[in-house]
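Throughout, a chain's letter reflects where its sequence line sits, starting with A, and its residues are numbered from 1.
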Amino acid sequence: MIKAEQKPLEEIMKYLEPYKKILLLGCGACVTVCHSGGEKEVLLLAEAIRIARQETNNPIEITEHTPPRQCEPEFAIQVGEFINGAEAILSLSCGVGVQTLSRYFNIPVLPGVNTVFMGETVAHGLWEERCQACGNCILEKTGGICPIARCAKQLLNGPCGGSSRGKCEIKRETDCAWQLIYDRLKALGQLERLKQIIPAKNWGQESRDKGPRKIVREDLQI
Amino acid sequence: MNSSPKIVTFCCAGSGAYVVDYIKKLDQGQIEVIEVPCAGRIEAYSFLEPLRNGADAVFVVACHEENCEHLWGNVRAKKRIEYLAAKLGMIGVVKERFAFFNVSTNGGVRLLKEMTEKVSKLKQVNL
């Protein structure tokens, strides 16, 4: 899922300076799971903003709402019921939700979180990057461990010379992706896979190098 | 600041609630005590509500570590208070407005001493 972190309160307060009435929107999907923009975080941030504005004798009216998702038009449109004269929307969804709302409402939609990566919940309170949406998955060749997302050098035929005792030379606390791939393939009895050279990826076609990507399913379109 | 700060104190039913009489002896401030089933049950946003409603500080009184009936409630509460102090510190809310105390059911005297020290510090800062 998408992982995000709430922006520093100081930065959010700067955004909000011109506004007296806002709609603070959480998102019931990814950002709820990573505790950066769900219902609880909306309540907390709303209280914090109110306190901050009280301290400066500049009160603000905040309506709080958390739709199931912000990134789907069906849910985004329903947000309209809660705008009720708000001068801006502060969205705690990922960057996708912010842009979906911007498409439907003629008031500023401000981001309350930084969208950081697509990742896995490793433990409660710990999330790690697992996918970079490179556009052509090679996990079947690497024992289900992604060298694009997890190797600092994105090596397709690793490891590099900097792998030491299973750790990466770029960040010593990070596991070497290619050590993980080796261990996994060994456990699966598939070490012979390492003899296959993985060809260079076609970044220009598959990835973002040619600008924003699009998926079209004509069978689903009317 | 106000010579008699208004303090809302969340007390765990397993520990703090047994020493409420001591907490109320804290004569330097106006103390409101809220008993909760476990300090860890209280979400971070609930700690902010008293501040918005005019309290000068929020105190949390929980069981000693490794002595929580719900295993980690006291640790969670402590971390939430620390998180809030750091988060609100960015907008000028001083950290002295949040305090966390561990107490046992027979630890009222020590708690009162610790709370008195915190209130003294609170009175020294400009809220």
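- Note on A:Lys153 versus A:Glu169: salt bridge recorded, some NZ/NE/NH1/NH2 to OD/OE distance being below 4.0 Å.
- Close approach to chain B, defined as a heavy atom under 4.5 Å from one of its heavy atoms, is seen in A:Leu9, A:Glu10, A:Met13 of residues 9-30 of chain A, taken by number.
- Only the side chain of B:Ile91 comes within less than 4.5 Å of a heavy atom of chain A; its backbone N, CA, C and O stay farther away.
- For the residue pair A:Asp183 and A:Gln179, a side-chain donor N or O sits within less than 3.5 Å of a side-chain acceptor on the partner.
- A side-chain donor-acceptor contact under 3.5 Å links A:Gln6 and B:Lys87.
- Closest approach of A:Ile148 to A:Cys134, counting heavy atoms only: CG2-CB, 4.2 Å.
- Ion pairing of B:Glu96 with B:Lys121 is absent here, as no side-chain N (NZ or NE/NH1/NH2) approaches a carboxylate O to less than 4.0 Å.
- Residues of residues 82-105 of chain A lying within less than 4.5 angstrom of chain B, judged on heavy atoms, are absent.
- Looking at every heavy atom in both residues, A:Cys146 comes nearest to A:Leu139 through N-CD2, 3.4 Å.
- For the pair B:Arg97 and A:Glu55, the salt-bridge criterion is met [side-chain N within less than 4.0 Å of a carboxylate O].
- Around the CD atom of A:Glu5, the shell of radius 6.0 Å holds no more than 12 heavy atoms that belong to other residues, nucleotides or ligands.
- The distance between the ring centers of B:Phe59 and B:Phe101 falls below 6.0 angstrom.
- Looking at B:Glu43, only its side chain comes within 4.5 Å of chain A, counting heavy atoms on both sides.
- Salt-bridge formation is not detected for the pair B:Arg80/B:Glu82: no Lys NZ or Arg NE/NH1/NH2 atom is positioned less than 4.0 Å from an Asp or Glu carboxylate oxygen.
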